[in-house]
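Every heavy atom of this structure was used, including side-chain atoms; hydrogens, water molecules and symmetry mates were not. Chain letters run A, B, ... following the sequence lines, proteins first and then strands; every chain starts at 1. For clarity, every value in this text was computed on a predicted model and none was experimentally measured.
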Protein chains: 2
Amino acid sequence: MKPIYKTALAYGMALAVLTTLLKAVEYQYWARDLSVEFYIGLVAVFFTGLGIWAGLKLTQKKVVTVAVGPAFVLNTHELQRLGISKREHEVLALMAKGLSNQEIADTLFVSLNTVKTHTSHLFMKLDVSRRTQAIQRGKELRLIA
Amino acid sequence: MKPIYKTALAYGMALAVLTTLLKAVEYQYWARDLSVEFYIGLVAVFFTGLGIWAGLKLTQKKVVTVAVGPAFVLNTHELQRLGISKREHEVLALMAKGLSNQEIADTLFVSLNTVKTHTSHLFMKLDVSRRTQAIQRGKELRLIA
DNA sequence: AAACCCGTCATCCGAACGGGTGATTTTAGG
DNA sequence: CCTAAAATCACCCGTTCGGATGACGGGTTT
């Protein structure tokens, strides 16, 4: 809210200064026999521009579009905090792809028992009891895409 | 872009009309011995306000562009195309929450066998063989959040 | 060297899951 | 009204999953 107040203040100051300045110049033009209508028109145009500028300043905040991107960034911090090893993380990723333990085992060229060990550790560290929950949790914590 | 031109036109018309109107009134006040400075101030304030209004009108379009967010909309078309019933859809949603078949049964106040039937139908219609895949597929097709 | 973590593999067991088949009831539409 | 689809439940069977435990080699840290 402060910026708005600042803008309003700045505008008020500018208005005061310019008004004073114009009044000073006014007599000069007056001496040169310029019509009142012409002078009035100038003032109107000038302050219209000033008003537009002020209006833009005051509404600029709203124009700030947020623009969200779905770019995935791995949460290394959480990985460390939970003590999830590299291999466990791989297993989690494959699990999230809908692969069975056997398929994961084949993918990683290890035994089914090994995969089961990894998954067990994962469930412990993620504090879940089912693979579907592990996937959910993993996505929540941005451990997997 | 048309609205902008319209706004500009409307503004120009208003300015012309008001200027003329003010000039007409001007002589009245002039006759009442009001100072030129006071009159100038009024015009300045008035056109400043007019300028602000014009500025807001001209920038309103930008303000609308703020809209962002991952708002979820259910893909009714896919639901129909795959012939997924209301109950099956419910089961899918709960499945995606990481619930077991038994938990889903308890949630929906039905038998475990009933849930199993629904899941079987779901797997057929989604062309998958595991619940993790069903969840994936459901999210891909925007059947679930 | 000892303690420790990681990754590997194993066995056992019970629970959960998936597939198949069949049946009844309720609901919705022609 | 009658039928088709949806929803409900059941039983069987085999697979998968999850939990517990133990083991072994290779690193790192202390």
Interatomic distance, B/Ile104 CD1 vs D/dT8 P [rounded to whole Å]: 13 Å
Is it true that, when you exclude A/Lys97 itself, more than 12 heavy atoms of the residues, nucleotides or ligands shown sit nearer than 6.0 Å to its NZ? no
Starting from P on C/dG7, measure out to CG on A/Leu92 and report it in whole angstrom. 14 Å
If you measure from NE2 on A/His89 to CG on A/Leu74, what distance do you get to the nearest 0.5 Å? 4.5 Å
The single option from B/Leu82, B/Thr132, B/Val128, B/Leu143 that satisfies side chain to side chain contact (heavy atoms under 4.5 Å, CB included) with B/Arg137 is B/Val128
For A/Lys125 and A/Gly83, work out which heavy atoms get closest and say how close. NZ-O, 2.7 Å
So which of residues 106-129 of chain A are in contact with DNA chain C, with a heavy-atom cut-off of under 4.0 Å? A/Val110, A/Ser111, A/Asn113, A/Thr114, A/Thr117, A/His118
Could you tell me how far apart B/Arg130 (CZ) and C/dG18 (P) are, to the nearest whole angstrom? 9 Å
Separation of C/dG18 P from B/Gln102 CD (nearest whole Å): 14 Å
Estimate the overall bend of the helix from C/dA1-D/dT30 to C/dA28-D/dT3 from the end axes over five pairs each, rounded to 10 degrees. 50°
Run the salt-bridge test on B/Arg130 and A/Glu103 with the 4.0 Å N-O cut-off and return the result as yes or no. yes
Are A/Asn101 and A/Thr119 side-chain neighbours, meaning at least one heavy-atom pair lies under 4.5 Å? yes
Is the shortest side-chain N/O distance from B/Arg131 to OP1 or OP2 of C/dC17 below 4.0 Å? yes
Would you check if B/Thr114 and B/Ser111 make a side-chain contact, meaning some heavy-atom pair closer than 4.5 Å? yes
Comparing A/Asn101 with B/Lys86, nearest DNA chain D nucleotide closer to 5' gives the residue B/Lys86
Separation of A/Arg87 atom CZ from D/dG27 atom C1', in whole Å? 16 Å
Starting from P on C/dC6, measure out to CG on A/Leu82 and report it in whole angstrom. 13 Å
Here the distance between atom P of C/dC17 and atom CE of B/Met95, to the nearest Å, is 10 Å
Partner set under side chain to side chain donor-acceptor pair (under 3.5 Å) for B/Ser85, not counting sequence neighbours: B/Glu88
Check this for me: B/Phe109, atom CZ, are more than 12 non-hydrogen atoms of other residues, nucleotides or ligands nearer than 6.0 Å? no
